[in-house]
Amino acid sequence: MDDYWYWEIKFHISFPSGKREGTFTVDRQNAATSKIAQEELISVYKDNPFRLVSGEIEDDNHELVISSCSKVSPDFDLLKPFLKDFDF
C-alpha cells in the first residue's frame, strides 16, 4: 500500500452570491496525469456544478477556478487503527 496515491484538486466555483470552495479527488487508476484528473473535474462541473459544492442552486452564471492539483499519498500508519479489518 505504500505506493498508493490519488489526485486531489482544490477549486472554487464563483457564483453571483459568492464563491464556494471544494475538493475533488480522482484515483490514480482513473487518471495517469494531473491534466486527465482536471479533465474529470471539468466533466463533472459541466454536467452538474452544484454536485461539487453545497448550497442553493443558482442561475447559470458561474465559473470553475482550479487552484491546485496534487498527488496525495495517505499515511497508512496513521490510518491503521481506523482500518482494523484490512490487511497491510
Side-chain angles (χ1 to χ4, degrees):
M1 288 296 250
D2 291 336
D3 62 343
Y4 177 77
W5 55 268
Y6 58 91
W7 296 105
E8 181 178 83
I9 305 170
K10 295 192 184 267
F11 67 91
H12 72 266
I13 300 176
S14 295
F15 291 98
S17 65
K19 76 177 183 180
R20 296 188 210 148
E21 297 182 353
T23 302
F24 186 77
T25 59
V26 180
D27 190 271
R28 69 179 186 170
Q29 301 289 336
N30 299 329
T33 67
S34 65
K35 181 178 180 184
I36 295 170
Q38 291 176 55
E39 288 171 357
E40 285 218 16
L41 170 61
I42 292 168
S43 176
V44 171
Y45 169 75
K46 287 180 179 178
D47 184 48
N48 184 358
F50 304 101
R51 182 176 140 200
L52 295 170
V53 292
S54 61
E56 296 294 318
I57 295 177
E58 298 184 33
D59 65 11
D60 291 333
N61 188 17
H62 47 75
E63 176 187 17
L64 172 68
V65 178
I66 297 173
S67 305
S68 67
C69 183
S70 308
K71 281 185 181 180
V72 174
S73 298
D75 185 345
F76 286 104
D77 288 334
L78 290 175
L79 296 174
K80 281 182 184 178
F82 304 103
L83 304 171
K84 295 176 185 170
D85 296 333
F86 290 92
D87 184 27
F88 289 98

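Note that the structure is a prediction, hence the values are computed from the model and not measured.
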Rounded distance [0.5 Å steps], [atom1] in [X] versus [atom2] in [Y]:
X     : Y     : atom1 : atom2 : result
Thr23 : Ile9  : OG1   : CD1   : 10.0 Å
His12 : Ser67 : NE2   : OG    : 6.5 Å
Lys10 : Glu21 : NZ    : CD    : 9.0 Å

How would you list, by chain and number, every residue that makes a side chain to side chain donor-acceptor pair (under 3.5 Å) with [X], sequence neighbours excluded?
X     : result
Ser68 : none
Tyr6  : none
Asp27 : Tyr4

Taking salt bridge (charged side-chain N to carboxylate O under 4.0 Å, His left out) as the test, write out the residues that go with Lys71, two or more places apart.
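Partners of Lys71 by the salt bridge (charged side-chain N to carboxylate O under 4.0 Å, His left out) criterion come out as none, since no residue qualifies.
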Would you say that Phe11 contacts Leu64 through its side chain, given a criterion of any heavy-atom pair below 4.5 Å between the two side chains?
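Sidechains of Leu64 and Phe11: in contact.
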For the residue pair Ser70 and Trp7, establish whether any side-chain heavy-atom pair is separated by less than 4.5 Å.
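The answer is no, as the side chains (C-beta and beyond) never meet within the 4.5 Å cut-off.
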With sequence neighbours left out, what residues match Ser43 under side chain to side chain contact (heavy atoms under 4.5 Å, CB included)?
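So Ser43 forms no side chain to side chain contact (heavy atoms under 4.5 Å, CB included) with any residue.
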Apply side chain to side chain contact (heavy atoms under 4.5 Å, CB included) to residues Val26 and Leu41 and explain how you reach the verdict.
CA-CA 8 Å; Val26 180; Leu41 170 61; over 6 Å; no
Side-chain atoms of residues 30-39: list all donor-acceptor pairs with protein atoms under 3.5 Å, sequence neighbours left out, distances to 0.1 Å.
from, atom 1, to, atom 2, distance (Å)
Thr33, OG1, Ile36, N, 3.2

Output every pair passing ring pair (Phe, Tyr, Trp, His ring centres under 6.0 Å) with a member in residues 22-46, not counting sequence neighbours, ordered by first then second residue.
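Pairs touching residues 22-46 that pass the test: Tyr45-His62.
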Hey, can you pull the donor-acceptor pairs under 3.5 Å for the side chains in residues 47-54, sequence neighbours left out?
from, atom 1, to, atom 2, distance (Å)
Asn48, OD1, Phe50, N, 3.2

Any link between Val65 and Ile13 through a network of hydrophobic side chains (Ile, Leu, Val, Met, Phe, Trp, Tyr) touching at under 4.5 Å?
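Result: no, two separate clusters.
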